[in-house]
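One structure below.
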Amino acid sequence: HPLYLILYLTLFFLFYFPLMVEEEKKLQEAFPEEYANYQAQVPRFLPNFRISTNLFSGFSWKTVQENREWAGMLMILILWGILLFRVSRG
């Protein structure tokens with residue numbers, strides 16, 4: 001529904017955007033040179049799809065487990081399941 005998209009974008013820019021700006025200030029203070037380099041290479045919102053040869057060194061389940069990324073993936077799957085369940089029920 002288009003109203004949900006409008007509501008989402010409004011809430012995003014009202015709440016999350018100021019938080020992003022504040023976090024950027026903290027990172028600039030903590031890591032001035034490194035964060036400036038990062039900002040020069042990484043867009044704030046839209047991903048950059050330029051192909052980089054050193055970006056991907058391979059996938060490793062061990063790395064996923066060590067970095068506890070599995071917890072985030074599990075939460076995403078649970079939330080998608082809830083969303084699909086709600087949508088399917090009308």
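The basis for the numbers below is simple: all heavy atoms, side chains too, and nothing from hydrogens, waters or symmetry mates.
To the nearest 0.5 Å, atom CD of residue Glu24 and atom CZ of residue Arg44 are 4.0 Å apart. Here the CG-CG distance, from Leu74 to Leu79, works out to 9.5 Å after rounding to the nearest 0.5 Å.
Connection of Tyr16 to Met75 is not established within any shared hydrophobic cluster, with ILVMFWY side chains joined at heavy-atom distances below 4.5 Å, either directly or through further cluster members. Linking ILVMFWY residues whenever their side-chain heavy atoms come closer than 4.5 Å, directly or via other members, leaves Leu77 and Leu84 in distinct clusters. Residues Leu5 and Leu14 fall into different hydrophobic clusters, defined by Ile, Leu, Val, Met, Phe, Trp and Tyr side chains chained together at heavy-atom separations under 4.5 Å. Cluster membership check: Tyr8 shares its hydrophobic cluster with Phe17, using side-chain heavy-atom separations under 4.5 Å among Ile, Leu, Val, Met, Phe, Trp and Tyr. Under a hydrophobic clustering in which Ile, Leu, Val, Met, Phe, Trp and Tyr are joined whenever their side-chain heavy atoms come within less than 4.5 Å, directly or via other members, Phe13 and Leu7 fall into different clusters.
Minimum interatomic distance between Ile6 and Thr10 (heavy atoms only, all atoms of both residues): O-OG1, 2.7 Å.
In Glu33, the CD atom is not crowded: 12 or fewer heavy atoms of neighbouring residues, nucleotides or ligands sit closer than 6.0 Å. Atom OH of Tyr4 is surrounded by 12 or fewer heavy atoms from other residues, nucleotides or ligands within 6.0 Å. Within a 6.0 Å sphere centred on CZ of Phe12, other residues, nucleotides and ligands contribute more than 12 heavy atoms.
For the pair Phe85/Ile82, no side-chain contact is recorded, criterion being any heavy-atom separation below 4.5 Å from C-beta on.
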- Apply side-chain contact (heavy atoms from CB on, under 4.5 Å) to the pair Trp80 and Leu83, showing each step before the final yes or no. CA-CA 5 Å; Trp80 270 105; Leu83 178 65; 3.8 Å; yes
